[in-house]
Amino acid sequence: MITNNPSSSSAGSFASDVPSRNLPELLAPARDRDCVLAAIENGADAVYFGLQIGFNARDRAINFTLEELPDVMGLLHQRAMRGYVTLNTLAFPSELPMIEQTVRALAEAGVDAVLVQDLGVLQLVRAVCPEMAIHASTQMTLTSAECIAVAERLGVERIVLARELSVDEVRAIRAGTNVALEVFVHGALCVAYSGQCLTSESLGGRSANRGQCAQACRLPFDLVCDGRDVELGQVKYLLSPQDLAAFELVPQLIDAGVSAMKIEGRLKTAEYVANVTRHYRQAIDTAVAGRPVQFTPRQIEEMELSFSRGFSPGWLLGNDHKQLVPGTSSANRGVLLGEVTQVRGQRVQVRLVRGIKAGDGVTFEGDRLAGQQQGGRVWAVYQGGRRLEAPIDSGLVELSFVREAVEFAQLWPGQQIWKTDDPELTRRMRRSYTNADPQRRVAVTLSVRAAVGEPLCVRARTATGTTCEVLSDEPLAAARQHPITRELLEEKLGRLGGTVYELDRLEAEIVGGPMVPMSVLGKVRQRLKELLDASSVLLPARRIAPPMALDRLRADNRPPPVAAPLPDATPSPVAASRPNAISGPEETELRVLCRTLAQLEAALSCGARAVQVEFSDIRQYADAVPMAHAVQAQIYLATPRIQKPNEMGLFRTMARHGADGILVRNFAGLVFFAAEGLPCVADFSFNAANDLTVHQLCRLGALRVTASYDLNRDQLLDLVAASPPQWLEVVIHQHMPLFHMEHCVFCALLSPGTNHTNCGRPCDDHQVRLRDRLSLEHLLQADVGCRNTLYNAVAQSGAEVVPELLGAGMRHFRIELLEETADEVRQTIGLYRDLLEDRLTGKEVWRRLKAVNRVGVTRGTLEERRNPLAIL
């Protein structure tokens with residue numbers, strides 16, 4: 001049998017080979033191979049997953065080894081799917097060589113795209129494999145077309161938008177960019193902006209920006225308003241959002257121009273992946289067909305049983321702070337089954353609102369963290385004294401449990417009971433991806449030429465563009481009785497059962513009435529399958545840089561006398577003012593960030609001549625600038641951390657105040673103010689954890705870059721050693737900003753309203769704190785965009801590392817105030833001045849500050865005890 005070589009149109013990325021179907025990609029999570037199979041068989045277009053070596057935002061997932069990659073990618077490509085690997089955490093300077101090796105392995109294995117958070121990792125991916133598609137993770141906090149324009153210039157092809165955007169905001173972003181937009185449509189919601197949550201790092205020493213989120217937002221908090229506790233009844237989980245379920249909004253998202261819809265859940269089971277994926281496959285297909293997406297109550301219940309903290313539209317319909325965070329629970333609890341009406345011996349009587357049967361799992365209402373929540377698997381269901389074998393969904397029933405599973409004395413009438421597990425549903429979901437015969441197949445078109453005197457020629461083309469050709473060994477003879485027909489060819493060649501292929505259509509050219517033996521057709525069919533399998537996993541043609549790409553990048557990056565602009569960027573007007581890495585030594589400078597006019601006045605009165613201001617009411621910036629200039633002090637104004645569509649006017653207003661520079665906290669602000677000629681310091685929100693990121697931010701217009709709060713003492717010193725220290729600014733005293741949220745606690749709990757349009761702005765009149773389980777009261781503030789920041793109740797000092805930083809060439813230090821009085825401001829500034837001038841030791845500084853009201857050294861409140869300088 002004569003065959004040609006299999007072929008595929010792959011060039012660069014397999015994803016580019018899939019013909020556009022004018023519908024968004026459905027993207028499913030995978031923690032292991034079973035999840036990949038579940039995604040395949042239930043209708044996903046792509047799968048995203050992490051690696052066991054780390055560098056992904058779900059470090060606790062099982063994840064995949066590098067050795068598994070070729071097999072996983074081959075499986076996906078064979079089924080006309082794409083595979084994306086998450087490298088979406090921060091990377092420290094010492095880790096970049098390993099990341100280079102990892103990116104090389106991803107490119108060689110045919111991975112279709114990588115998701116990144118870190119600008120340095122992004123730069124390294126481009127250097128190693130220019131054809132590798134790069135997707136900006138939601139960890140990059142991109143919330144506007146202006147921010148996305150920066151990512152596009154850096155080589156990003158797709159943006160995973162922040163979850164906090166509404167459909168209307170997504171539509172506005174689409175109008176301002178041509179970059180592909182990906183949106184989360186289902187799964188857990190973080191209360192804080194992804195990439196901007198420092199709670200796990202500050203309270204527990206586990207960084208969310210390193211994939212180790214401790215889920216502190218799921219813990220209970222008490223509300224303290226103006227010094228008094230607010231009684232909230234059963235509302236305890238003040239920062240725990242319900243889960244996102246946007247199936248009804250799929251048509252609106254398609255209309256808004258979304259390119260991909262993403263299911264959250266890399267920590268969840270394959271049954272969850274199967275369940276949720278099949279429902280969103282149906283939703284997308286229904287919407288594309290022009291029909292309304294309307295799931296039955298049973299379909300919604302099935303999704304809730306896989307995992308649910310309660311379903312909501314998240315932020316997609318705009319802010320409804322009361323709906324987003326009801327606050328009565330923070331755990332997966334499935335669906336409400338009913339209410340306890342009576343406890344009778346070893347049975348509990350329940351009034352049903354949903355169906356129940358023996359074997360289902362249930363849990364009773366109670367405080368999970370206090371150990372008061374209990375539940376178990378139902379042993380039997382009774383009604384009217386009869387034991388029921390079939391499910392029942394209404395009326396009064398009695399439930400019994402396995403012995404000692406439930407303490408009946410702890411139950412009470414009126415108590416809610418929740419159904420958490422349905423074994424029958426789980427088995428059905430498992431069967432969807434464990435059957436030997438694939439459920440999802442790749443369509444194949446066959447073109448057949450059967451002519452007397454010529455070999456039988458069969459050409460195959462799959463829906464993904466893969467092609468192959470098979471010729472029979474011998475020419476065909478003329479038939480004496482039964483010449484071959486198109487129908488017979490279709491019947492015999494279409495027998496593709498047990499394979500991943502299905503015959504879509506067959507085109508036949510039959511010349512001279514040939515006879516084709518059935519054995520020949522069988523051999524041709526088998527060979528077609530082999531060639532299609534081989535061609536479907538052909539790796540894309542990619543340029544992969546020789547080893548040492550990182551070294552070449554670093555050689556190019558350091559030390560440019562003036563940072564070069566991006567190839568298509570206008571040179572920054574402030575670039576010439578950036579300190580040269582090889583210039584002479586600078587004087588040590590201590591900057592003071594003030595959060596009130598009173599603090600600013602106190603700082604200026606004790607000689608501070610480099611100040612930064614961050615006011616909740618930014619109208620006060622107009623007063624702050626002349627106050628500083630009156631004493632010849634340099635003043636920088638801080639931008640909000642988030643910039644959404646239609647918020648550029650805020651930057652234009654800030655630019656008119658006449659400040660000496662800007663403390664910038666997002667990409668849109670950095671590019672805007674640099675173009676205005678204002679010196680910019682890129683703040684901690686850019687998460688600069690390595691030298692490549694620092695260099696990239698300077699190329700974008702930053703005069704200096706604030707070191708990431710994720711760096712511990714040694715990592716910070718590594719960053720200073722790897723970067724021109726003149727380009728860095730280090731915060732050595734602060735109250736760590738824990739959560740930065742679109743969710744407004746003021747509105748949710750202190751107002752009858754639902755959002756900023758009707759809340760009455762209680763944030764203007766009340767001081768609010770959230771008390772945690774260790775009785776620490778953390779200050780909550782709202783910014784100009786009504787976004788809330790929760791600050792650590794205790795201050796954090798990096799005083800002990802300052803001498804080493806000075807020895808390494810660091811000259812730019814910052815202390816950040818929060819609620820300090822005028823006397824406390826003067827004391828804090830004085831102590832750090834003495835430290836920088838070698839009149840005090842670091843230990844003396846933080847010990848003295850520890851004795852001052854509301855300042856001290858952070859120990860993790862989620863752990864027994866921790867080194868107070870673990871972060872700096």
Side-chain angles (χ1 to χ4, degrees), residues 202 227 587-616 620 623-624 627-628 630-636 638 663 684 706 709 713 729-738 767 769 776-779 781 789 791-806 810-859 867-872:
S202 182
E587 291 186 6
T588 300
E589 192 165 39
L590 179 65
R591 291 177 170 78
V592 182
L593 185 143
C594 304
R595 290 193 165 96
T596 66
L597 283 171
Q599 289 177 346
L600 176 61
E601 183 178 14
L604 295 173
S605 70
C606 67
R609 292 299 176 262
V611 294
Q612 301 163 336
V613 290
E614 178 190 7
F615 296 157
S616 297
Q620 294 180 336
D623 300 320
M627 186 185 298
V631 294
Q632 288 76 52
Q634 183 188 71
I635 183 169
Y636 278 43
L663 183 63
F684 71 94
T706 307
Y709 291 167
R713 180 189 195 122
E729 186 164 311
V730 175
V731 179
I732 55 175
H733 180 94
Q734 63 165 320
H735 289 261
M736 182 76 82
L738 305 176
Q767 184 185 77
R769 301 177 191 278
L776 289 173
E777 295 184 2
H778 308 285
L779 180 68
Q781 291 188 341
T789 302
Y791 292 92
N792 198 328
V794 289
Q796 172 180 299
S797 173
E800 286 198 357
V801 77
V802 167
E804 292 177 87
L805 291 171
L806 288 168
M810 274 298 308
R811 293 297 180 265
H812 300 285
F813 299 91
R814 187 197 311 169
I815 59 177
E816 296 193 349
L817 307 173
L818 184 60
E819 296 182 278
E820 286 82 354
T821 65
D823 287 342
E824 292 165 349
V825 169
R826 286 187 280 268
Q827 181 193 27
T828 303
I829 294 173
L831 287 172
Y832 280 99
R833 276 185 183 151
D834 287 345
L835 172 67
L836 291 173
E837 295 172 11
D838 201 24
R839 292 192 291 267
L840 284 178
T841 66
K843 179 180 288 188
E844 289 174 307
V845 170
W846 65 258
R847 279 187 170 178
R848 291 191 191 183
L849 288 175
K850 188 178 181 180
V852 178
N853 189 31
R854 289 191 302 278
V855 291
V857 179
T858 299
R859 289 195 181 99
N867 178 354
L869 299 179
I871 298 176
L872 280 179

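All values below were derived from every heavy atom in this structure, side-chain atoms included, with hydrogens, water molecules and symmetry-related copies excluded.
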Problem - Side chain Arg595, main chain Leu817, donor-acceptor under 3.5 Å - result: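 Here the side-chain-to-backbone pair exists.
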Practice task
Look only at the side chain of Gln599 and the backbone of Val825, and say whether a donor-acceptor pair between them is shorter than 3.5 Å.
Solution key: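 Between the backbone of Val825 and the side chain of Gln599 there is no qualifying donor-acceptor contact (under 3.5 Å).
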Handout entry: side chain to side chain contact (heavy atoms under 4.5 Å, CB included) against Thr789, all qualifying residues, sequence neighbours excluded
Key =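 So Thr789 forms a side chain to side chain contact (heavy atoms under 4.5 Å, CB included) with Arg641, Pro737, His740, Tyr791.
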Practice task
Please name all residues satisfying side chain to side chain contact (heavy atoms under 4.5 Å, CB included) with Asp823, sequence neighbours left out, ordered by chain then number.
Solution key: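 Asp823: side chain to side chain contact (heavy atoms under 4.5 Å, CB included) contacts with Thr821, Arg826.
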Practice task
Would you please name every residue forming a ring-ring contact (aromatic ring centres under 6.0 Å, His included) with Phe684, sequence neighbours left out?
Solution key: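 Checked Phe684 against ring-ring contact (aromatic ring centres under 6.0 Å, His included); matches are Tyr709.
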Does any part of the side chain of [Y], heavy atoms only, come nearer than 4.5 Å to the side chain of [X], both counted from C-beta?
X: Trp846; Y: Leu835; answer: no
X: Glu587; Y: Arg811; answer: no
X: Val730; Y: Met810; answer: yes
X: Arg814; Y: Gln734; answer: no
X: His778; Y: Asn792; answer: yes
X: Leu818; Y: Glu816; answer: no

With sequence neighbours excluded, residues passing side chain to side chain donor-acceptor pair (under 3.5 Å) with [X]:
X: Arg833; result: none
X: Thr841; result: Glu844
X: Gln767; result: Arg769, Glu819
X: Glu837; result: Arg839

Exercise for the section: Scan residues 597-611 for pairs that pass salt bridge (Lys or Arg N to Asp or Glu O under 4.0 Å), counting only residues two or more places apart or in two chains. Expected result: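 Counting only pairs at least two positions apart or across chains, no salt bridge (Lys or Arg N to Asp or Glu O under 4.0 Å) contact touches residues 597-611.
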Exercise for the section: Would you mind listing every ring pair (Phe, Tyr, Trp, His ring centres under 6.0 Å) that reaches into residues 814-836, with sequence neighbours excluded? Expected result: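 Matches after skipping sequence neighbours: His733-Tyr832.
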Handout entry: Any residue meeting salt bridge (charged side-chain N to carboxylate O under 4.0 Å, His left out) with Asp623, in chain and number order, not counting sequence neighbours
Key =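 Result, salt bridge (charged side-chain N to carboxylate O under 4.0 Å, His left out) vs Asp623: none returned.
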Exercise for the section: Consider only side-chain N and O atoms of Glu729 and Gln612, and report whether a donor and an acceptor are under 3.5 Å apart. Expected result: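 The criterion, which ignores hydrogens and geometry beyond distance, is satisfied for Gln612 and Glu729.
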Ignoring hydrogens, what is the shortest heavy-atom contact between [X] and [Y]? Give both atom names and the distance.
X: Val611; Y: Ala608; answer: CG1-CB, 4.1 Å
X: Arg713; Y: Val801; answer: CG-CG2, 3.6 Å
X: Ala624; Y: Ile635; answer: O-CD1, 3.6 Å
X: Ala799; Y: Gly842; answer: CB-O, 3.5 Å

Please round to the nearest 0.5 Å and tell me the distance separating atom [atom1] of [X] and atom [atom2] of [Y].
X: Leu597; Y: Met627; atom1: CG; atom2: CE; result: 5.0 Å
X: Ile815; Y: Leu831; atom1: CD1; atom2: CG; result: 9.0 Å
X: Thr828; Y: Arg848; atom1: OG1; atom2: CZ; result: 12.5 Å
X: Arg591; Y: Ile732; atom1: CZ; atom2: CD1; result: 12.0 Å
X: Glu820; Y: Gln827; atom1: CD; atom2: CD; result: 10.0 Å
X: Cys594; Y: Ile829; atom1: SG; atom2: CD1; result: 6.5 Å

Exercise for the section: Verify side-chain contact (heavy atoms from CB on, under 4.5 Å) between Val845 and Val802, making sure each step is shown before the conclusion. Expected result: CA-CA 11 Å; Val845 170; Val802 167; over 6 Å; no
Practice task
Determine, stepwise, if the pair Gln781 / Glu614 fulfils side chain to side chain donor-acceptor pair (under 3.5 Å).
Solution key: CA-CA 12 Å; Gln781 291 188 341; Glu614 178 190 7; over 6 Å; no
